[in-house]
Amino acid sequence: MSTIRPPSGVEVFNHNEAIKAAQRGMIVAVFGWSKTGKTHFAIRCARPLYLAYLDPRPDVDQMLLKAEEDFPGQVYKLVIPPIPYEQLHSTPGEAERRVKAVEDFAKWARAQAAEDVANGLPAGTFVLDGGTMFKGYVEEDVLGASATLGFRAKKGERGAPSTFDYAKSNGALRDFVSAFSGSPPH
């Protein structure tokens, strides 16, 4: 056994503590092409389920009914149907309203999960389905245009956000996800 002390912050792996930590607040990103089963997978998570649904597919209720057979429990859903990009881009404040609705729902879900855990109940799972749409709404809100959702400068025009500007919207997305780090819901 070495007598040399490790640097500050280095700790010995503890199996039992790791099991407890692994059961708290996982953050998982699921990527895939359309119709590959991402939603099917996501709505079969621990209940209560907090579902922010921004996906363009209109059949979320049918999917939830089918999942309910094997995964009963409370489901809270926020459905934000898509609109054409030109309508989003030309309606002042629309992207901001959409982003705020998701952020408010996420904040409430984290608070509700913390209360549930304090009362000995399961924390549940928060699912953002339609992450590409959310990314586009954040870009539109923060930058005033979203290449993700379809903004393209017309020939000879300038004014699109620069590559460097996207660091701002990416930072806002990172902040949204980071708010779940250490919070009760998966």
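Listed by first and then second residue, the salt bridge (Lys or Arg N to Asp or Glu O under 4.0 Å) pairs that reach into residues 114-124 come to none, sequence neighbours excluded. The salt bridge (Lys or Arg N to Asp or Glu O under 4.0 Å) pairs that include a residue from residues 168-182 are D165-K168, where partners are two or more places apart or lie in different chains. Sorted by first and then second residue, the ring pair (Phe, Tyr, Trp, His ring centres under 6.0 Å) pairs involving residues 97-122 (not counting sequence neighbours) are Y50-W108, Y76-W108, F105-F126.
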Exercise for review: May I have the step-by-step check of side chain to side chain contact (heavy atoms under 4.5 Å, CB included) for Y85 and S146, ending in yes or no?
Suggested key: CA-CA 9 Å; Y85 179 67; S146 171; 4.0 Å; yes
Check your understanding: So L143 and Y166, side chain to side chain contact (heavy atoms under 4.5 Å, CB included) or not? Walk me through it.
Key -> CA-CA 8 Å; L143 307 175; Y166 281 95; 3.6 Å; yes
Exercise for review: Please test L51 against D129 for side chain to side chain contact (heavy atoms under 4.5 Å, CB included), starting from the C-alpha separation and ending with a verdict.
Suggested key: CA-CA 7 Å; L51 175 62; D129 192 341; 4.1 Å; yes
Practice item. Under the side chain to side chain contact (heavy atoms under 4.5 Å, CB included) rule, what do V102 and L128 come out as? Steps first, then yes or no, please. Key: CA-CA 9 Å; V102 174; L128 172 64; 4.2 Å; yes
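R110 is linked by a salt bridge (charged side-chain N to carboxylate O under 4.0 Å, His left out) to nothing, counting only residues two or more places apart in sequence or in another chain. A search for ring pair (Phe, Tyr, Trp, His ring centres under 6.0 Å) contacts involving F134 returns F176, not counting sequence neighbours. Scored by the side chain to side chain donor-acceptor pair (under 3.5 Å) test, R44 finds H40 as partners (sequence neighbours excluded). With sequence neighbours excluded, no residue satisfies side chain to side chain donor-acceptor pair (under 3.5 Å) with K38. For E139, the salt bridge (charged side-chain N to carboxylate O under 4.0 Å, His left out) partners at least two apart in sequence or on another chain are K135. For D141, the side chain to side chain donor-acceptor pair (under 3.5 Å) test picks out no residue, with sequence neighbours left out. Under the salt bridge (charged side-chain N to carboxylate O under 4.0 Å, His left out) criterion, E94 pairs with R97, R98, not counting sequence neighbours.
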Run the side-chain donor-acceptor check on residues 56-72: report pairs under 3.5 Å with partners two or more places apart or on a different chain.
unit_1 : atom_1 : unit_2 : atom_2 : d
R57    : NE     : D59    : OD1    : 3.3
R57    : NH2    : D59    : OD1    : 3.4
R57    : NH2    : D59    : OD2    : 2.6
D61    : OD1    : K77    : NZ     : 2.4
D61    : OD2    : K77    : NZ     : 3.2

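Residues Y53 and L49 share a single hydrophobic cluster, defined by chaining ILVMFWY side chains whose heavy atoms lie under 4.5 Å apart. The same ILVMFWY cluster, assembled from side-chain heavy atoms under 4.5 Å apart, contains both I43 and V75. By the criterion of side-chain heavy atoms lying less than 4.5 angstrom apart, applied directly or through intervening Ile, Leu, Val, Met, Phe, Trp or Tyr residues, V177 is grouped together with F180 in one hydrophobic cluster. Residues V127 and L173 fall into different hydrophobic clusters, defined by Ile, Leu, Val, Met, Phe, Trp and Tyr side chains chained together at heavy-atom separations under 4.5 Å. Connection of Y137 to V142 is established within a shared hydrophobic cluster, with ILVMFWY side chains joined at heavy-atom distances below 4.5 Å, either directly or through further cluster members.
Summarising the geometry of G144 relative to H89, their closest heavy-atom pair is O-CE1, 3.0 Å, with the distance given to 0.1 Å. Here the shortest heavy-atom pairing between P48 and P122 reads CD-O, 3.8 Å.
Applying the 4.5 Å side-chain rule to ILVMFWY residues, one finds that F13 remains a lone member of its cluster.
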